[in-house]
Structures are given as structure tokens and as C-alpha cells.
Amino acid sequence: MKVRHKVLIVDDELHIRRLIHAALARAEYAIVEAENAREAIERLRSERPDITLLDLGLPDRDGLELVPLFKQQSDTTLIVVSARDATDEKVAALDLGADDYLTKPFDTDELLARVRVALRNRLTRDGGMLALTVEDVAIDLVARTVTKAGREVHLTPKEYGVLAQLAKFPGRVITHNQIMAEVWPREHQHHVEYLRVLVRTLRQKLETDPQQPRIICNELGIGYRLRLSSDTLAEVSDPPG
């Protein structure tokens, strides 16, 4: 199955949540909802959404207070979706760290376009790649798809998470700790064996010969890197780790 981008909807109005949910579902996003600030903070910590759509008029806390809190506690991309249309409100939200601001009422096509732009910006903000091909494996980080010789490869969310960390910066060594912190943020952080088992499974799915990996390379005792097409043949003998 396709590993989907996750969006958190924070809004106390049920009909708004249903409208946004329906639009996101048609675009095949994974969706999490919260109707107040307390639930939103819990969902942010437990679900780690890629994108958060935040209403400012929440019943238990002003949404503006949540903007810096969300940005401090997570790397979610934050889009404010609010009926407050005053310029000073928009400036305040953006100054506090919001990535975008959409005023209600809104067109769902525009909302989806804002989400797509936010995802592209999220992937490229550190200079990372959006899509690449290594050997016969094509990785699209925007669509979250992986194909081998033109056929889709089915990955688990954690398998995709590891591959995505390597694919953002091909050729660069990504340490065990960097990968573990992203894929296992609250558990098994120091159990590198979980990562090694997962990489072996990835190689079974992606490599022509998993015992002589040409795509996911081991940097012994440090981490892994995704091989660039310009890498030399001498490096092919990297031991599978």
C-alpha cells in the first residue's frame, strides 16, 4: 500500500472537519482530527503529522497560543485555517511561526493546493531531493511512491520512513541515530538492531542482489547512505549491514 502523508485537522466545528476530511480523503492523505487544543497537543505528539491545519477559534485555548507551541514541539508544517481575516491576525500568526494562512470560507481545491505546496516546501527546506532514481528503483517523496523496474514496491510505513531519510540526501551518510530519531521517535531509539533488520528487509525488496547492495550502502558503525549513480564500482563491495 502507498505510504500516505499525514494531516492533522484542528477545528471545533464538526461540519468544517467533515468538509476538510472529505477533501483530504479524496486526495489520499492520512487524516487525524482534534476538536480542541488539548486533543490537538495529544495528536501532535502521538501522530507526528506532516501538515497541521489549525483553526484559531478553539473552545479551550486561543489558536494563536498554539502556533509557537506546535513549532517548538514538532516539525509539522502549520497552516492556519481561520475565519479571522484581519491583517494583524494573519501577521501575528505568521510572525509566531505559521507557515501559511488560509481564510474561511475557503475553496477545497485551494486548500489542497496549499497542502501540496507545503509538502514540497517541507521536503526541500533543507536542500533535499523530491524524486530520484537509483539503479532501477524510482523514489518519489512527494507522492510517497517507490517503484522497481516500473512496478510499485509495497513498503511498510517504517520501511518507507528509513528509505525516505536516505533518499532526501542521496550520497550523504545518514547516521543510525538520525534515522532512529525520525522513524522511532519514542521507542527503541538505542536499539540499532531494529534498524538493521529493517534495512535487510528493504534490500530484499529493492536490491537485485541483497548480499551485494548497490542501492542502500552500509557505513560500518556509522549509518547508511543511498548510492548516487556516479558512485564508483569499487564501493559496491560495502558489506551488507
Side-chain angles (χ1 to χ4, degrees), residues 1-60 63 66-67 70-71 73-85 93 98-125 130-131 138-147 151-165 167-168 182-183 185-186:
M1 62 180 290
K2 177 181 176 180
V3 182
R4 298 179 293 171
H5 294 284
K6 185 178 293 184
V7 181
L8 169 61
I9 307 168
V10 185
D11 200 301
D12 64 324
E13 297 183 77
L14 178 59
H15 72 282
I16 295 294
R17 294 203 307 275
R18 285 178 172 171
L19 174 67
I20 297 175
H21 188 120
L24 292 172
R26 287 195 299 272
E28 298 186 310
Y29 292 101
I31 305 158
V32 184
E33 296 185 18
E35 62 179 339
N36 54 50
R38 179 186 57 79
E39 287 185 1
I41 293 170
E42 292 175 357
R43 301 291 186 274
L44 189 76
R45 292 170 178 168
S46 62
E47 300 293 338
R48 304 182 76 244
D50 301 295
I51 304 288
T52 296
L53 305 176
L54 174 66
D55 178 34
L56 298 182
L58 300 176
D60 55 341
L66 296 182
V67 174
F70 279 23
K71 300 303 286 188
Q73 295 189 359
S74 77
D75 70 342
T76 192
T77 297
L78 183 59
I79 303 176
V80 171
V81 183
S82 175
R84 301 180 187 176
D85 59 359
D99 297 282
D100 198 359
Y101 197 111
L102 181 63
T103 303
K104 297 178 181 176
F106 55 85
D107 183 273
T108 55
D109 287 339
E110 181 181 1
L111 175 66
L112 292 176
R114 300 284 187 103
V115 170
R116 290 194 299 271
V117 169
L119 286 170
R120 286 197 296 271
N121 291 341
R122 178 181 175 85
L123 290 169
T124 59
R125 67 189 176 192
L130 294 178
I139 305 166
D140 187 327
L141 294 174
V142 177
R144 288 202 172 192
T145 57
V146 180
T147 60
R151 301 183 64 178
E152 185 174 357
V153 178
H154 297 281
L155 302 179
T156 67
K158 280 186 167 42
E159 288 170 353
Y160 177 83
V162 171
L163 183 63
Q165 288 301 299
K168 288 176 185 177
E182 180 66 27
V183 181
R186 292 174 302 278

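Nothing here was measured: the structure is a model prediction, and the numbers come from that model.
The two atoms that bring V183 and G161 nearest to each other are CG2-C, 3.8 Å, heavy atoms only. Residues L44 and S74 share a closest heavy-atom pair of CD1-OG, 3.6 Å. When all heavy atoms are compared, the tightest approach of V67 to A98 is CG1-N, 3.5 Å. Nearest heavy-atom pair across I79 and A118 is CD1-CB, 4.1 Å.
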Return a table of donor-acceptor pairs under 3.5 angstrom between the side chains of residues 13-21 and protein atoms on other chains or two or more places apart.
residue	atom	partner	partner atom	Å
R17	NE	E33	OE1	3.0
R17	NH1	D11	O	2.8
H21	ND1	E33	OE2	2.7

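Considering only residues two or more places apart in sequence or on other chains, R114 meets the salt bridge (charged side-chain N to carboxylate O under 4.0 Å, His left out) condition with D100, E110. R38 is linked by a side-chain hydrogen bond (donor to acceptor under 3.5 Å, both in side chains) to E42, counting only residues two or more places apart in sequence or in another chain. For E39, the salt bridge (charged side-chain N to carboxylate O under 4.0 Å, His left out) criterion is met by no residue, not counting sequence neighbours. Judged as a salt bridge (charged side-chain N to carboxylate O under 4.0 Å, His left out), and not counting sequence neighbours, the contacts of D75 are R122, R125. Every side-chain hydrogen bond (donor to acceptor under 3.5 Å, both in side chains) that T76 has, sequence neighbours left out, goes to T52.
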Run the side chain to side chain contact (heavy atoms under 4.5 Å, CB included) test on T77 and F70 for me, step by step, so that the C-alpha distance in whole Å, both residues' side-chain angles and the decisive distance to 0.1 Å come before the verdict. CA-CA 9 Å; T77 297; F70 279 23; over 6 Å; no
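Checked options V153, I139, D140, L155; the residue passing with T145 is D140 (criterion: side chain to side chain contact (heavy atoms under 4.5 Å, CB included)).
From D12, atom CG reaches atom CG of L58 across 6.0 Å, with rounding to the nearest 0.5 Å. Distance check, rounded to the nearest 0.5 Å: CG of L54 to OH of Y101 gives 9.5 Å. The distance from atom CD1 of I51 to atom CD1 of I31, rounded to the nearest 0.5 Å, is 13.0 Å. Taking CZ of R43 as the start and CD of E35 as the end, the distance is 9.0 Å to the nearest 0.5 Å. One distance of note links CG of L111 with CZ of R116; it measures 9.5 Å at 0.5 Å rounding. The CZ atom of R48 sits 13.0 Å away from the CD atom of Q73 when rounded to the nearest 0.5 Å.
Formation of a donor-acceptor pair under 3.5 Å by the D50 side chain with backbone atoms of K6 is found in this model. Within the 3.5 Å criterion, the main-chain N or O of V10 finds no donor-acceptor partner in the side chain of D55. A donor-acceptor pair is defined here as one N or O able to donate and one able to accept, closer than 3.5 Å; such a pair exists between the side chain of D60 and the backbone of A37. Checked by atom type and distance alone, the side chain of H5 pairs as donor or acceptor with a backbone atom of V142 at under 3.5 Å.
Put simply, the side chain of L163 reaches to within 4.5 Å of the side chain of V146, judged on heavy atoms. Between L24 and L112, the closest side-chain pair of non-hydrogen atoms falls below 4.5 Å.
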